[in-house]
Amino acid sequence: MEREPLKNEGLEEKSKNFLEEIIEEDLKSGKHAGRVLTRFPPEPNGYLHIGHAKSICLNFGLAQRYGGKTNLRFDDTNPVKEDVEYVDSIKEDVRWLGFNWANEFYASDYFEQLYLWAEVLIQKGLAYVDDQTQEEIRLNRGTVNQAGKDSSFRNRSVEENLDLFRRMRAGEFKDGERVLRAKLDMAHPNMLMRDPILYRIIHSDHHRTGDKWCIYPMYDYAHGQSDSIEQITHSICTLEFDVHRPLYDWFIEKLEIFPSHQYEFARLNMTYTMMSKRKLLQLVQEKVVMGWDDPRMPTICGLRRRGYTPEAIRAFADRVGVAKRDNVIDISLLEFCLREDLNKRAERRMAVLNPLKVVITNYPEGQTEELEAVNNPEDESAGKRMVPFSRELYIEQEDFMENPPKKFFRLAPGQEVRLRYAYFIKCNEVIKDAAGNVVELRCTYDPASKGGQSPDGRKVQGTIHWVSAQHAVKTEIRLFDRLFSRENPDDVPEGQDWKSGINPESLKVIYGYLEPALASAKALDKFQFERMGYFSVDYDSKPGAMVFNRTVTLKDTWAKISAQ
RNA sequence: UGUCCUGUAGUGUAAUUGGCAACACGUCUGACUCUGGCUCAGAAGACUCGAGGUUCGACCCCUUGCAGGACAACCA
């Protein structure tokens, strides 16, 4: 009562999401003796994407916040789709995002226990072996508004079921010949409760268990029990599993095992972004993109290669929040989080993407000088560097206009601008080629403005970046744009393929000029090219043949103004 | 002709659990500036899906509509 509301303590109380509320209630009621154990359960059949990042941040974040732990568990119950390539990439991505799991588990670790429990269900008369074909099972399941029909094998004796199930395991039957089903209710309004399949026969090697098994548990039969075995307290998954929860609870109840609980949240959707693992796989297989880590992909490895930081992704996951309603996040929020992070840590450099030659006519030929430039105005500890200046420079084509509109603060005939960290220059002459294109500018500089200082207090509205022609490092630069041109890539016009939405101009390769300080940059190094955006060194980069990826442009107010 | 989930500014997420709707992104002003970046100051924008009801008082509770989503792989 005499306790003041926590106000000016710097840690303004952030509102809780519904999962935090559930956990806090559980903690208060002593539900699991104060224990919080979550799990991140990917199927190793594809690469993780930004949607998974939300789930990872949620599961690990929640555990961290409440003094708990998180297991990484591979849901590897379908050998035909899964592969070690994927488990390796998943581990790398989770680590890169900045999380450490308490244990690395596999659903396949539990195959024996799961099998034993299946026998228990058979003994209890709660499971039976069905000989119907896949087609018959499908037909007899009914539809959403029509009850299904009982299988004629539904009432086999416990002994017969046990015998058949053991022979399934022993490999006496071919793929698809029989399945083990739970005996629930073929008329249940929830389709998943209509005698779901527990085990199917697959004579296929498993990436971990090899040829030890030829029967494999289905998701519903494996997931909840795996949670239970690990004593997961809060099993958090996406909304589409909501319908599975009654089944999840049913197995735990009938088996009388640790009561893990499932909670569902709405998965992440993002504008202009494809989240379907299946379709992303297709893009890779059909070589629409360079691979899973193509910088245009929404995969974690793609974002990494693009130049994203784990901090930016975590901040994003934090800002999108968690709830149960369907949502579509504007991709500009992701970009905002990225810029916010990069602004603080990326060192600034100058680079000209579309060069226009400038000759300083009153600057001595053959002379070179070094000018001091700040590495990061947001971080003094980043220090300074020297940038070479000479008579011939490159500036950005778009920084010159022969007939500028009123608010154009850059270079134009007779107009003066500041070359960042260098001098004021004034354009005197415009040289064109036969076709009338501007190919060179002749300018004069004011020696008194060295360093970019105004010698007499005179104001120059514009400051542009530049690079000394003789010192410049020519480099490949990959400019990326959104992979899909439609805001919702799944919203495909009638009669068209979803791939019709792919943006044909999502990758543009150009050659630009860098200031020499950039020549020694290593893969994944990040810089802000002043006034142009954030760029990151690509894996393809080699000494002498550098490759930069444009991570994201800077916010461009001028583009808005000039577009009226 | 089903079962379940969900409806709050353009987009997300809040609202001390019944006390006259907040924060972020985006948008628009303006200031500052050696990045048309950053930063700073401000503005517009929601009668909380509709209709009833309970209550002094409803985003919140009740009734009833409507809308969106999920579920009919031997996928997860």
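Below, all heavy atoms of this structure are taken into account, side chains as well, without hydrogens, waters or symmetry copies. Below, chain A is the first sequence line, B the second, and so on; all start at residue 1.
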- Query: Under a 90° cut-off about 0 for the syn range, is B:A73 syn or anti?
  - Reply: syn
- Residues A:Lys16 and A:Glu24 bridged, charged N to O under 4.0 Å: yes
- Item | B:U63: syn or anti, per glycosidic angle within 90° of 0 | anti
- Phosphate-side-chain proximity, A:Ser562 and B:G36, N/O vs OP1/OP2 below 4.0 Å: no
- Message: What contact category does A:Asn343 fall into here, base, sugar-phosphate, or nothing, at under 4.0 angstrom with non-hydrogen atoms?
- Response: base
- Task: For B:U27, take OP1 and OP2 only and decide whether either is under 4.0 Å from a side-chain N or O of A:Lys560.
- Result: yes
- Query: Are A:Asp227 and A:Tyr248 linked by a side-chain donor-acceptor pair shorter than 3.5 Å?
  - Reply: yes
- Note on the structure: The nucleotide from B:A76, B:G2, B:G36 with an atom nearest the side chain of A:Asp556 is B:G36
- Task: Test for a donor-acceptor pair under 3.5 Å between the base of B:G36 and the side chain of A:Arg410, counting only N and O atoms.
- Result: yes
- Message: So A:Pro42, base contact, sugar-phosphate only, or nothing? Heavy-atom distance under 4.0 Å.
- Response: nothing
- Any side-chain N or O of A:Arg141 under 4.0 Å from OP1/OP2 of B:C74? yes
- Message: For the OH atom of A:Tyr47 and the CG atom of A:Leu280, what is their distance to the nearest 0.5 Å?
- Response: 12.5 Å
- Task: Just compare B:A72, B:C25, B:U35 and give me whichever is closest to any side-chain atom of A:Ser332.
- Result: B:C25
- Would you indicate which nucleotide in B:A24, B:U13, B:C75 comes nearest to any side-chain atom of A:Arg319? B:A24
- Counting only side-chain N and O atoms of A:Arg325, is one of them less than 4.0 Å from OP1 or OP2 of B:C5? no
- Query: According to the Watson-Crick and G-U wobble definitions, with both distances under 3.5 Å, which nucleotide is paired to B:U54?
  - Reply: none
- Please state whether the phosphate of B:C74, meaning OP1 or OP2, lies under 4.0 angstrom from any side-chain nitrogen or oxygen of A:Arg178. no
- Query: Does A:Lys324 put a side-chain nitrogen or oxygen below 4.0 Å from OP1 or OP2 of B:G7?
  - Reply: no
- Confirm from the modelled atom types if A:Glu378 and B:G37 form a donor-acceptor pair under 3.5 Å, side chain to base only. yes
- Message: Any N or O donor-acceptor pair under 3.5 Å from the base of B:U1 to the side chain of A:Gln146?
- Response: no
- Query: Is there a donor and acceptor pair closer than 3.5 Å between the side chain of A:His244 and the base of B:A70?
  - Reply: no
- Message: Please determine whether a side-chain nitrogen or oxygen atom of A:Thr463 lies at a distance below 4.0 Å from atom OP1 or OP2 of B:G36.
- Response: no
- Item | Touch class at under 4.0 angstrom, heavy-atom based, for A:Glu335 against every strand present | nothing
- Message: Under 4.0 Å, counting only non-hydrogen atoms across every strand here, what does A:Val179 touch: a base, just sugar-phosphate, or nothing?
- Response: base
- Flag the pair A:Arg267 and A:Asp326 as a salt bridge only when some basic side-chain nitrogen lies within less than 4.0 angstrom of an acidic carboxylate oxygen. no
- Considering every strand shown, what is the Watson-Crick or G-U wobble mate of B:C40 when both distances are under 3.5 Å? B:G30
- So, is A:Arg200 near the phosphate of B:A76, with a side-chain N or O under 4.0 Å from OP1 or OP2? yes
